[in-house]
Number of protein chains: 2
Amino acid sequence: MRKSGLSMDDLARHLGLSRATVSFALNGRTDVRISEATRARVVAAARELGYRPHAGAQSLAAQRTDLIGFVTDIPASPFGGGIIHGAQAAAWRRHKLLLIVSSEGDPEIEATGVEMLLDRRVEGLVYATQMHRVATLPAAVEAVPTVLVHCTSDRPGAVSVLPDEVEGGYAATRRLLAAGHRRIGLVNLAAGLPASTGRRSGYERALTEAGLELEPALVRQGDATATTGYDLAARLLDLADPPTGLFCATDRMAMGAYDAAKERGLRIPEDVAVVGFDNQEIVAAYLRPALTTVALPFAEMGVAAVEMLAATAAGERVLDRTLTGRLVERASV
Amino acid sequence: MRKSGLSMDDLARHLGLSRATVSFALNGRTDVRISEATRARVVAAARELGYRPHAGAQSLAAQRTDLIGFVTDIPASPFGGGIIHGAQAAAWRRHKLLLIVSSEGDPEIEATGVEMLLDRRVEGLVYATQMHRVATLPAAVEAVPTVLVHCTSDRPGAVSVLPDEVEGGYAATRRLLAAGHRRIGLVNLAAGLPASTGRRSGYERALTEAGLELEPALVRQGDATATTGYDLAARLLDLADPPTGLFCATDRMAMGAYDAAKERGLRIPEDVAVVGFDNQEIVAAYLRPALTTVALPFAEMGVAAVEMLAATAAGERVLDRTLTGRLVERASV
DNA sequence: GCGCATAACTAAAACGCTTAAACGCACCGG
DNA sequence: CCGGTGCGTTTAAGCGTTTTAGTTATGCGC
């Protein structure tokens with residue numbers, strides 16, 4: 001067995017001080033007076049002997065765990081990984097650790113996970129989804145302040161941080177307009193999804209602002225796959241008066257659109273310009289030519305979630321937040 | 001403030017029992033005798049009153065945290081997400097929770113993260129990388145049993161679980177051979193990487209076994225991008241006697257190879273068959289035609305890591321493990 | 001030389017559980 | 001009626017911290 005680490009008691013005894021003094025010194029507390037000399041001596045001894053505070057015991061005594069629960073269906077996917085990272089960074093800044101439960105979308109894992117998190121006495125819960133959707137939270141989350149990321153819920157008191165889909169659609173379309181395109185097709189997601197509705201209204205706003213007529217024939221929708229992207233783009237490009245710019249609501253769909261264009265001998269961006277959405281590196285950056293696309297502000301969303309949790313804990317009243325993404329310029333426009 | 005949950009003490013008092021009895025009953029201990037009636041009464045009351053054990057206090061008292069540290073550069077990427085999921089599943093099976101630190105490859109985050117994990121008294125550490133490589137572990141990991149996943153280290157005592165690259169390369173090449181191809185090109189990763197070396201020797205073994213001559217001209221290498229994949233594949237296809245089958249060491253490279261083939265008017269798989277490696281859903285499944293590729297056994301690797309940690313804790317001597325992936329058949333052969 | 005701040009530190013009670021050891025009691029054989 | 005044996009439960013000692021409420025010295029004014 002490895003030398004099992006010394007306790008604060010050991011350290012205090014070694015220094016001929018009381019546990020209390022050591023605790024005060026180590027925590028650098030200013031509301032209690034410890035001579036500078038003693039403080040330094042304690043800190044030095046702690047470092048030298050490799051003393052490690054026992055976070056669990058601290059939690060028990062101090063009545064706070066510094067733990068934030070993070071439940072998500074993200075990790076195994078390329079979507080929204082930034083949320084975790086942003087959340088972790090924000091948590092660390094507050095000396096808190098993220099306790100992550102990766103549900104892979106399985107409600108049972110989710111429920112069990114939340115239970116485990118509550119047993120660990122997490123101070124708050126972040127519930128993040130990879131797709132912008134309406135989520136059904138396990139009932140147990142009631143027990144603790146919760147912030148939803150990338151999703152909403154009808155559960156009262158649950159606050160969300162969401163990407164600004166409208167602004168994203170607007171930015172994408174504006175980019176095509178700026179490149180001189182006047183007939184712009186929209187390869188959209190299936191109707192009803194927040195992402196679909198939002199991106200479309202951004203698209204429409206941009207066109208309207210540019211003084212263009214909205215043509216229903218230029219808007220198609222389907223699921224988020226490359227195959228569907230191919231089909232929808234093909235139909236648009238086969239129109240008598242085809243668009244010269246394509247806004248695809250998903251990088252995956254853009255991937256399909258590339259194929260449709262190439263099959264027709266159309267060069268990107270010379271003959272048809274394409275803007276995607278999601279900035280999935282693996283697709284966007286490696287498509288040929290590389291895809292200009294809209295990146296959702298995932299990291300910022302993660303940060304916001306943790307900050308909102310902190311604000312809630314501090315007794316502030318917290319409201320939903322919407323964060324805007326940014327256009328990533330590459331070579332497809 | 002929310003009703004802050006009742007303690008085991010409260011529960012015991014409510015039942016007119018001692019804390020010890022409640023503890024025994026709730027933990028279903030068989031080494032101590034509690035009447036069935038009492039046990040049932042306790043469990044019922046606990047459920048009814050919504051009693052939640054305080055995991056932190058349990059850890060302190062029982063001298064085990066049931067926490068496993070998981071340090072990785074994976075989450076924000078599409079690679080190896082399965083490792084986390086497998087590890088989590090295996091951990092849960094043992095009533096342990098994963099404490100994940102997402103380093104994004106930043107050594108400073110990694111070091112701080114490990115410190116935090118040690119403060120939480122994790123019982124072991126899993127260190128997982130998204131790329132098969134040699135890792136430099138923060139010094140602090142010495143303090144605790146550690147298992148490396150998808151990487152190796154020179155640090156003594158650190159055990160690894162690795163994918164069988166050779167077997168993967170062998171399977172991919174065999175698939176092409178089975179389809180009748182006799183001239184098979186290898187679009188490989190840069191030399192020196194374990195993935196590159198392994199996949200290549202699998203490729204060579206398959207060819208040799210099939211009684212074919214190894215032709216150095218059919219093997220090209222470069223970095224893992226689609227662009228490089230395009231370049232290397234193009235050179236192979238422009239050979240006087242071009243290969244009819246292409247084994248790409250990466251799905252991304254296969255993505256580039258597709259472009260090279262299409263540009264030359266070659267149909268996949270009729271004119272040239274392609275097998276990838278990695279099974280990155282987003283690329284492999286949505287490429288047209290969908291890519292046949294080798295999937296690394298990530299989930300199993302995660303499971304293995306946690307099991308090895310458990311074995312170590314149980315005092316067993318643990319050795320490196322190698323797990324083999326599987327061929328995912330789609331439409332490119 | 002006394003009373004009093006003040007600075008520096010200590011004692012001890014939590015925090016919510018686990019667990020080894022002790023306890024009381026009913027039952028049994030003799 | 002007595003000693004032993006199990007069974008069901010309790011007592012109490014931790015686990016490693018934090019924190020409240022002290023307790024000692026020391027210096028200072030008068």
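A, B, ... follow the sequence lines: proteins, then strands. Residue 1 opens every chain.
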- First and last nucleotide of DNA chain D touching chain B, 5' to 3', heavy-atom cut-off 4.0 Å? dC7(D) to dG16(D)
- Let me have a per-nucleotide readout for nucleotides 9-18 of chain C, 5' to 3', with B, S or -, counting only protein heavy atoms under 4.0 Å. BBB-B-BBBB
- Hits for ring-ring contact (aromatic ring centres under 6.0 Å, His included) against H54(A), two or more places apart or cross-chain, chain-then-number order -> none
- Query: Bend angle of the helix from dG1(C)-dC30(D) to dG30(C)-dC1(D) from five-pair axes at both ends, rounded to 10°?
  - Reply: 60°
- For residues 10-34 of chain B, which residue pairs qualify under salt bridge (Lys or Arg N to Asp or Glu O under 4.0 Å), counting only residues two or more places apart or in two chains? D9(B)-R19(B), D10(B)-R13(B), R29(B)-D31(B)
- Message: Suppose we screen for side chain to side chain donor-acceptor pair (under 3.5 Å). Which residues come up paired with T136(A), at least two apart in sequence or across chains?
- Response: none
- Only pairs at least two apart or in different chains count here, so list each salt bridge (Lys or Arg N to Asp or Glu O under 4.0 Å) that has a residue in residues 144-164 of chain B. E142(B)-R155(B)
- Query: salt bridge (Lys or Arg N to Asp or Glu O under 4.0 Å): which pairs involve residues 52-63 of chain A, sequence neighbours left out?
  - Reply: R52(A)-E115(B), R52(A)-D119(B)
- Hits for side-chain contact (heavy atoms from CB on, under 4.5 Å) against A305(A), two or more places apart or cross-chain, chain-then-number order -> V126(A), V147(A), V149(A), V161(A)
- Determine, using ring centers only, whether F298(B) and H85(B) are less than 6.0 Å apart. no
- Message: Among residues at least two apart in sequence or on other chains, which ones pass side-chain contact (heavy atoms from CB on, under 4.5 Å) with P194(B)?
- Response: H132(B)
What side-chain donor-acceptor pairs closer than 3.5 Å can you find for residues 308-321 of chain B, not counting sequence neighbours?
unit_1, atom_1, unit_2, atom_2, d
T312(B), OG1, M308(B), O, 2.7
D320(B), OD1, S160(B), N, 2.9

- Message: Can you list everything that forms a side-chain contact (heavy atoms from CB on, under 4.5 Å) with A89(A)? Sequence neighbours excluded, please.
- Response: R93(A)
